[in-house]
Amino acid sequence: MAKRFAFGPFLLDTARGTLTRAGSAVAVGQRGLCLLHALLEAGGEPVSRAALMRAAWPGLVVEESNLPVQIAALRRIFAFESDDVAPVSIVTVPRLGYRLRGLVAIEDSELAPLGHAESQPRGRPGIAVLPFTHLGDDPAQEYLADAVTESLIAALVRFRWIPVLGRNASQTFKLAPIDARTACEELGVGYFVEGSVRRSGARFRIPARLVDARTGRCLWAERYDFADADLFDVQESLSQQVAGAIEPELLKNTGSDAASRRSGSVTAWELVAQGSWLFHHVTRDTHRKARERFLQARSVDAGLTEAHVWIGRVNAGRVAYGWSEQPSQDLREGVAAALEAVQLDEMNPYAHYALAIVSSYTDDLALALRSAEQARELSPCFALGHLVHGMASLYSGDSRAAIASLEQGLRLNRYDPQNFVWYDLLALAYLFAGNADDAWKHAIAALKVRPSWRAAMRTASAASATLGRAEEAARWREQWSRAPEAADAIQPLWQFNPRWAAEIARHVGEPG
C-alpha cells in the first residue's frame, strides 16, 4: 500500500512520487525524493549516511560527498517556509547521518485523481512533457534533465494550436514512472513526451519519444547525441529539433482521429482537424474537401484562429498546384483569412506562415518575407516558417539565403507529405548557387517523396546536364515527358527570375 506523508505545508505521495507544498508541485530531483522518503519513514529517528546512500543510489557506487549536495537542496526547499507554519528541517546527527525534524502525519492511500488537470476541449487534446530522467551517477548533474524538460515545454508552447501543460503539473511525476492511462486521465492530456539525459564529459545522449496517452502507442522516437557542447547549446538545439519533429506528428495524429469520426456533432476545431488530414493528402479533391471543412469551421466559430489560418494555407495550395478555377479570387480570400488570423492571434507562428505562403503567390514578396521572418522569430523550431522563408528568398532571387532557410526547415521536419516541393526548391537553389551536385541530390530526395513529380525530374535533368552527364540528363528528360501533367507549384520563381528560367530551359529544353 502506498503512503502519504504530511509534514508542515508539504505532502509526499509515494504512489506518484510527488512532493507538493500547499497543493502546488515542488521541483525536486529523483535522489532528493528518495532521501526525503527515507527520512520520513524513519519517523524523526536518525538515518545513517550508508542507509541514505542505499536509498538514493541503489546498486551504484558513488562518492559519499554527493549526499550533502542533495541534503542541502532539500534544506533550501524547507528554508522558504514562513514562521507561521509548522517548521520542517533536516538536522545533522554527528558521526551518524541525518534526521527530519517536524510533525509528520502518515496515511495509507490509493492512487486518486490529482484534481489539478483541466479537461481539454474535445478534439484538441493537450500534451505534457514529463520530467526527463537523469541517467548519470553524479546527482549534481540532475539539473541537466530539468533544464531540457523546461526548454522543450517552452518550445512547444510557441506553436499555439495545442495546449501544453506547465512544468508544475507534470513535475508531480518526477519520481514515479507514469503510464499512458495515468497521463491521459490524471493530467488530462492526449499526448506526452518523455526521455532521458546522460552526460559523459562533454558528450550528451538524449533519447526522446512522443506517446499517445490514450493507447500507449509510440508515435515518434529519436535519439540525439551531442559532442563537445555546453548545456545551453544542448538545450537550444534539442528543444528545436524535438519540438520541430513532434509538432507535425501531433497535427497528423489529431487530424486522423478527427477524420475517423463518422457520426455525432463536431466542434469547429474538429472540422479544422478533419480538414488538415485531408489537406496533407495533396490531391485536387482532398484540397477541395479540406477547404470546405475550414470554411464550415469558420462559420461555426469565427474567432477560431486556426480556421482562418488553414483557409489561407489551402487556398495557396490550390493555386500553386493549378487546382483553382478562380485563382485571383482564391488568393484574395486566402490573404484576407491569413490577415484575420494574425489579427486574432499575432503571436501565432502559423498565422504569419499562412500570410507568407499565400503572399508568395500574389506577387507581394516583401510581405511574404516579413511574415516568414515573424513566423521564425515567434517559433525558431517551426519548420514551415523556415521553409516559406526559403521559398520567398528564392522567389526574390537570393539563392544562398534560400539554401540556409530550406535546409533548416527540412532538418526540423523531414517527413512532411509536401516535402517534395521543398526539396525541389532546395535543389534549384543549389543549382542557381553553382552547386549542381547538391542540386541533383535534393532533386532525387524530392522524387523519393513523390516519385511522379515532373518538376523534380526536370530539376534532376538540369543538374545532370550541368554536371556533364548527358545520357543521364536525357533519361530524366524522357521520364519527365511521360510523367502526368501537373503544375510545378513554384510559378512565381520563373515569373520573377527569367534568367534562371532561361538557364533551366537551356539545359533541358521542352518535354517531348
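When reading the values below, keep in mind they use all heavy atoms of this one structure, side chains included, and skip hydrogens, waters and symmetry mates.
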Query raised in the report: Taking the six-membered ring of Y98, is the NZ or CZ of R49 close enough (under 6.0 Å from the centre) and on axis enough (within 45°)?
Result: yes
Query raised in the report: For the side chain of T149 and the backbone of F132, is there at least one donor-acceptor N/O pair under 3.5 Å apart?
Result: yes
Report summary line: Closest non-hydrogen contact found for P46 with V93 is CB-CG2, 3.9 Å
**Report entry** Test applied, side-chain contact (heavy atoms from CB on, under 4.5 Å); reference residue, Y350; option that passes from L251, L355, D345
**Finding:** L251
Requested in this report: Evaluate the salt bridge (Lys or Arg N to Asp or Glu O under 4.0 Å) criterion for residues R223 and D225: first the C-alpha distance (whole Å), next the side-chain angles of each, then the deciding distance (0.1 Å), finally the verdict.
Outcome: CA-CA 7 Å; R223 189 187 75 188; D225 291 298; 3.3 Å; yes
Query raised in the report: Would you call H352 and V388 a side-chain contact if the rule is heavy atoms closer than 4.5 Å?
Result: no
Requested in this report: Using the side-chain contact (heavy atoms from CB on, under 4.5 Å) rule, take W220 and V242 through it: C-alpha gap first, then chi angles, then the decisive distance, then the call.
Outcome: CA-CA 10 Å; W220 168 91; V242 174; 4.0 Å; yes
Query raised in the report: Short question: side chain of H389, backbone of Q374 - any donor-acceptor pair under 3.5 Å?
Result: no
Query raised in the report: For the side chain of S256 and the backbone of K252, is there at least one donor-acceptor N/O pair under 3.5 Å apart?
Result: no
**Report entry** N/O donor-acceptor pair under 3.5 Å between R160 side chain and P349 backbone
**Finding:** no
Query raised in the report: Got a donor-acceptor contact below 3.5 angstrom from the R31 side chain to the A56 backbone?
Result: yes
Under 3.5 Å, sequence neighbours excluded: what are the donor-acceptor pairs made by side chains of residues 417-429?
unit_1: Q418; atom_1: OE1; unit_2: Y321; atom_2: OH; d: 2.5
unit_1: N419; atom_1: ND2; unit_2: N413; atom_2: O; d: 3.1
unit_1: N419; atom_1: ND2; unit_2: R414; atom_2: O; d: 3.2
unit_1: D424; atom_1: OD1; unit_2: T459; atom_2: OG1; d: 2.7

Requested in this report: Dump the intermediate steps for side-chain contact (heavy atoms from CB on, under 4.5 Å) on I90 and R99, then the final yes or no.
Outcome: CA-CA 6 Å; I90 298 176; R99 70 179 182 89; over 6 Å; no
Query raised in the report: Is it the case that R214 places NZ or CZ above or below the six-membered ring of Y191, under 6.0 angstrom from the centre and within 45 degrees of the axis?
Result: yes
**Report entry** Derivation and outcome, side-chain contact (heavy atoms from CB on, under 4.5 Å), residues I206 and V197
**Finding:** CA-CA 5 Å; I206 306 175; V197 178; 4.3 Å; yes
